[in-house]
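All ligand and atom numbering here is 1-based and tracks the order in the structure. In this text the structure is predicted, and so the values were computed from the model without any measurement. Counting from 1, the numbers follow the sequence of the chain as shown. Heavy-atom basis, side chains included; hydrogens, waters and symmetry copies ignored.
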Amino acid sequence: MHHPSHDPECIFCRIVAGEIPSKKVHEDEHLLAFHDIHPWAPVHFLMIPKAHIPSMAHLGAEHAGLMGHLMTLAPQLAQAQGCNPYPDGGFRMVINTGAEGGQEVHHLHVHVMGGPRPWSKG
Ligand code: AMP
Ligand code: ZN
């Protein structure tokens, strides 16, 4: 099952299509969330749009609903994945954009990290 904007060369599009396995945290019509393969923190998952949007630099007004959905869902998923409650717990969200922003996979993704310190990074 391919999303209309599937890029066959893109690793995260291949995860959306089920061609590469992932440990899923959440899936709905527009979003997928799955565990990062190299976690930095006790909880570390990625949230991605199913559509192939390469980065934050590619967003337009037409993506406001999608990104609003992602941002408002994140705290619920973080809690469900074991992040402790605010304010003593909490979580960190990171969106790397472009080479100078540290982006390695060019399909928009939001890192959500949490759990007790210390973390291996961040
Ligand atoms: P970045 O593009 O630097 O924001 O980070 C890409 C992230 O994707 C890294 O944290 C990787 O560990 C993660 N990653 C790469 N391939 C996979 C995969 N097949 N499944 C889960 N996470 C992945
Ligand atoms: Zn993609």
Side-chain angles (χ1 to χ4, degrees):
M1 217 219 302
H2 286 187
H3 195 275
S5 62
H6 177 85
D7 173 352
E9 313 265 294
C10 169
I11 183 169
F12 287 176
C13 282
R14 297 191 67 203
I15 286 176
V16 170
E19 295 165 6
I20 293 175
S22 68
K23 211 174 140 199
K24 280 180 197 172
V25 164
H26 171 87
E27 180 166 18
D28 63 40
E29 187 184 350
H30 298 294
L31 295 180
L32 182 67
F34 53 95
H35 290 277
D36 196 291
I37 206 166
H38 294 125
W40 308 354
V43 175
H44 187 174
F45 61 88
L46 303 175
M47 298 180 73
I48 69 170
K50 285 188 169 178
H52 182 77
I53 302 168
S55 80
M56 290 294 285
H58 297 76
L59 292 180
E62 69 275 23
H63 300 113
L66 171 73
M67 294 307 290
H69 174 42
L70 189 156
M71 294 299 281
T72 54
L73 182 62
Q76 298 177 39
L77 299 185
Q79 186 181 358
Q81 290 305 308
C83 292
N84 292 313
Y86 178 93
D88 295 331
F91 51 86
R92 172 174 291 182
M93 294 173 68
V94 170
I95 314 178
N96 298 323
T97 304
E100 292 179 350
Q103 186 177 9
E104 290 178 357
V105 177
H106 290 265
H107 179 131
L108 174 56
H109 55 279
V110 179
H111 296 259
V112 183
M113 290 159 282
R117 301 277 179 166
W119 297 354
S120 63
K121 253 166 80 171

Residue from I53, L46, D36 passing side chain to side chain contact (heavy atoms under 4.5 Å, CB included) with H109 | L46
Protein N/O/S count near the Zn ion (ligand 2) (criterion: distance under 2.8 Å) = 4
Checking Q103 side chain against P54 main chain: does a donor-acceptor pair fall under 3.5 Å?
-> yes
Could you walk me through whether V105 and N96 pass the side chain to side chain contact (heavy atoms under 4.5 Å, CB included) test, one step at a time?
-> CA-CA 9 Å; V105 177; N96 298 323; over 6 Å; no
Output the distance between atom NZ (K121) and atom NE2 (H38), rounded to the nearest 0.5 Å.
-> 10.0 Å
Nearest heavy-atom pair of G114 and W119: which atoms, and what distance?
-> CA-CZ2, 3.4 Å
Salt-bridge contact K50-E27 (side-chain N to carboxylate O under 4.0 Å) = yes
Going by distance alone, is a donor N or O of one side chain under 3.5 Å from an acceptor N or O of the other, for D7 and H107?
-> no
How about F45 and F91: are their ring centroids closer than 6.0 Å?
-> no
Could you list each N/O atom of ligand 1 together with any protein N/O atom closer than 3.5 Å, one pair per line with the distance?
| from | atom 1 | to | atom 2 | distance (Å) |
| --- | --- | --- | --- | --- |
| ligand 1 | 2 (O) | E104 | N | 2.7 |
| ligand 1 | 2 (O) | V105 | N | 2.9 |
| ligand 1 | 2 (O) | H109 | NE2 | 3.1 |
| ligand 1 | 3 (O) | G102 | O | 2.9 |
| ligand 1 | 3 (O) | E104 | N | 3.4 |
| ligand 1 | 4 (O) | N96 | ND2 | 2.9 |
| ligand 1 | 4 (O) | H109 | NE2 | 2.6 |
| ligand 1 | 4 (O) | H111 | NE2 | 2.8 |
| ligand 1 | 5 (O) | H109 | NE2 | 3.4 |
| ligand 1 | 10 (O) | D36 | OD1 | 3.2 |
| ligand 1 | 10 (O) | D36 | OD2 | 2.6 |
| ligand 1 | 12 (O) | D36 | OD1 | 2.6 |
| ligand 1 | 22 (N) | I37 | N | 3.1 |

Report the relative orientation of the aromatic rings in H111 and H44; use parallel for angles under 30°, tilted for 30 to 60°, perpendicular for over 60°.
-> tilted
